[in-house]
Student: 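What follows is a single structure, and I will ask about it in a moment.
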Protein chains: 2
Amino acid sequence: MNAVTVREKYRAALQASGARMTPQRGAILDAVLGTTEHRTADEILEAAQKLDSTVSRATVYRTLTLMVEIGLLRRLDLGRDFSYFDPNYVDNPNHSHLICLDCDKIIEFDDPELTACGRKIAETKGFELSASFVRLEGHCQCLKKNGSCPNRKK
Amino acid sequence: MNAVTVREKYRAALQASGARMTPQRGAILDAVLGTTEHRTADEILEAAQKLDSTVSRATVYRTLTLMVEIGLLRRLDLGRDFSYFDPNYVDNPNHSHLICLDCDKIIEFDDPELTACGRKIAETKGFELSASFVRLEGHCQCLKKNGSCPNRKK
DNA sequence: ATGTTTGCAAACAATTTGCATTTTT
DNA sequence: AAAAATGCAAATTGTTTGCAAACAT
């Protein structure tokens with residue numbers, strides 16, 4: 001979905017619930033959806049403030065919640081003590097994630113077999129499936145190959 | 001693995017790192033592994049205090065971390081803002097979870113196909129897989145069927 | 001005018017940690 | 001005595017919330 005379309009959907013969903021499009025919400029939208037990277041709330045705050053210096057942390061959190069509710073964004077738990085936000089959800093809602101324990105690199109993958117498995121299991125157990133999250137943790141080749149990882153933070 | 005064996009493994013692992021088995025650690029072990037239920041740190045504290053009233057919250061957290069490191073227990077993230085601890089990990093390390101959004105009911109399942117999928121993907125992406133977590137969220141039949149759920153907390 | 005959104009600072013909740021004390025060896 | 005473990009209370013951290021001021025309709 002292109003940027004204009006997303007923004008329109010956003011505006012429409014906001015209006016439908018009596019809410020408004022504001023400069024701050026626009027900046028946050030761009031900060032989180034103007035990339036394919038998985039960002040943290042903190043990173044989104046920083047990026048949004050570059051677009052509109054009045055954006056505050058509170059508004060970032062409120063807006064991200066809003067966007068998740070509208071379905072423009074997915075909140076991801078990748079085993080850290082904070083959330084990542086996944087901007088690729090709208091275009092590809094079934095994908096999952098692989099995260100590197102060394103460098104935090106996040107790789108997406110979309111495996112229809114995996115999706116089908118989940119659906120089948122939920123059905124077997126009499127569940128009406130709402131969402132499924134697959135997280136694979138491991139070590140990418142980087143560290144082993146080079147002795148260091150470009151993304152490495154610590 | 002039966003209770004005696006687990007306790008032995010625990011004691012051995014503790015000793016191997018120069019640590020000791022204490023009454024508090026024993027009570028916490030029993031509180032978390034004396035059930036097949038997935039408990040929270042808070043529930044474990046409560047159960048442990050019934051066995052030994054001197055157990056404190058700090059020791060619960062410290063001991064759970066220890067048990068996870070030793071590999072007797074798995075820390076689970078099921079989409080809430082706290083962790084669950086999975087006592088069935090040792091006997092069945094590959095299983096995954098289905099959680100009901102209405103009543104928090106947790107169902108385990110073990111699907112070899114799912115496990116194989118994860119492994120295959122990690123390999124494809126050049127990752128050395130350390131762990132995989134599959135979480136399915138949905139609604140169990142309970143609420144729809146009866147209009148209420150026995151476990152329902154709110 | 002009325003309702004919505006904002007930033008700020010304070011509140012929150014799960015978890016972790018510093019430290020003086022107790023327990024074990 | 002030395003090392004390890006404990007409880008307590010305070011600290012930490014990501015996130016949420018109350019509120020008065022600013023803004024939009």
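Side chains included, hydrogens not; waters and symmetry mates left out as well; all remaining heavy atoms used. Note on naming: letters A, B, ... go to the chains in the order of the sequence lines (proteins, then strands), and numbering restarts at 1 for each one.
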Student: Could you tell me how far apart D52(A) (CG) and dA22(D) (P) are, to the nearest whole angstrom?
Tutor: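 In whole Å, dA22(D) P and D52(A) CG are 17 Å from each other.
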Student: Spell out, as yes or no, whether a donor-acceptor pair under 3.5 Å connects the side chain of Q49(B) to the backbone of V55(B).
Tutor: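 Answer holds: yes.
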Student: Please list all pairs passing the salt bridge (charged side-chain N to carboxylate O under 4.0 Å, His left out) test where one or both residues lie in residues 59-74 of chain B, with sequence neighbours left out.
Tutor: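 Checked against salt bridge (charged side-chain N to carboxylate O under 4.0 Å, His left out) - neighbours excluded - the pairs reaching residues 59-74 of chain B are R74(B)-D86(B).
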Student: Would you kindly give the CG-to-C1' distance between L45(A) and dT16(D), to the nearest whole Å?
Tutor: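 Going from CG in L45(A) over to C1' in dT16(D) covers 15 Å.
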Student: When the distance from CD1 of I44(B) to C1' of dA14(C) is rounded to whole Å, what number comes out?
Tutor: 13 Å
Student: Please give, in whole Å, the distance from dT15(D) C1' to R80(B) CZ?
Tutor: 17 Å
Student: For a quick test of reading the model: is some side-chain N or O of S83(B) closer than 4.0 Å to OP1 or OP2 of dA14(C)?
Tutor: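 For S83(B), the contact criterion (side-chain N or O under 4.0 Å from OP1 or OP2 of dA14(C)) is not met.
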Student: Using whole Å, report how far CD1 of I28(A) lies from P of dT6(C).
Tutor: 7 Å
Student: Give the nucleotide from the list dT6(D), dG14(D), dT5(C) with an atom nearest to the side chain of Q24(B).
Tutor: dT6(D)
Student: Atom CG of L66(A) and atom C1' of dT15(D): how far apart are they, to the nearest Å?
Tutor: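 L66(A) atom CG is separated from dT15(D) atom C1' by 16 Å.
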Student: Tell me which nucleotide among dC8(D), dT6(C), dG14(D) gets nearest to the side chain of R25(A).
Tutor: dT6(C)
Student: For R75(A), what residues pass the salt bridge (charged side-chain N to carboxylate O under 4.0 Å, His left out) criterion, not counting sequence neighbours?
Tutor: none
Student: Hey, is R80(A) close enough to D104(A) for a salt bridge, meaning N to O under 4.0 Å?
Tutor: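 Between D104(A) and R80(A) there is a salt bridge, with a charged N closer than 4.0 Å to a carboxylate O.
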Student: Would you say the side chain of I44(A) lies within less than 4.5 Å of the side chain of F85(A), judging by non-hydrogen atoms?
Tutor: yes
Student: Check A41(B) against V60(B) and note the closest heavy-atom contact, atom names and distance.
Tutor: O-CG1, 3.9 Å
Student: Quickly work out the D81(B) CG to dG14(D) C1' distance and round it to whole Å.
Tutor: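 Atom-to-atom, D81(B) to dG14(D), this comes out as 10 Å.
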Student: Sort me out a list of protein N/O and nucleotides 16-25 of chain C N/O pairs below 3.5 Å, or just none if empty.
Tutor:
none

Student: To the nearest Å, how far apart are D77(A) CG and dT15(D) C1'?
Tutor: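 Distance check: D77(A) CG to dT15(D) C1' gives 14 Å.
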Student: If the threshold is 4.0 Å, N to carboxylate O, is there a salt bridge linking E8(B) and R11(B)?
Tutor: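 Here E8(B) pairs with R11(B) in a salt bridge, since their nearest N and O are under 4.0 Å apart.
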Student: Measure from the side-chain heavy atoms of F82(B) and tell me the nearest of dG14(D), dA14(C), dC8(D).
Tutor: dA14(C)
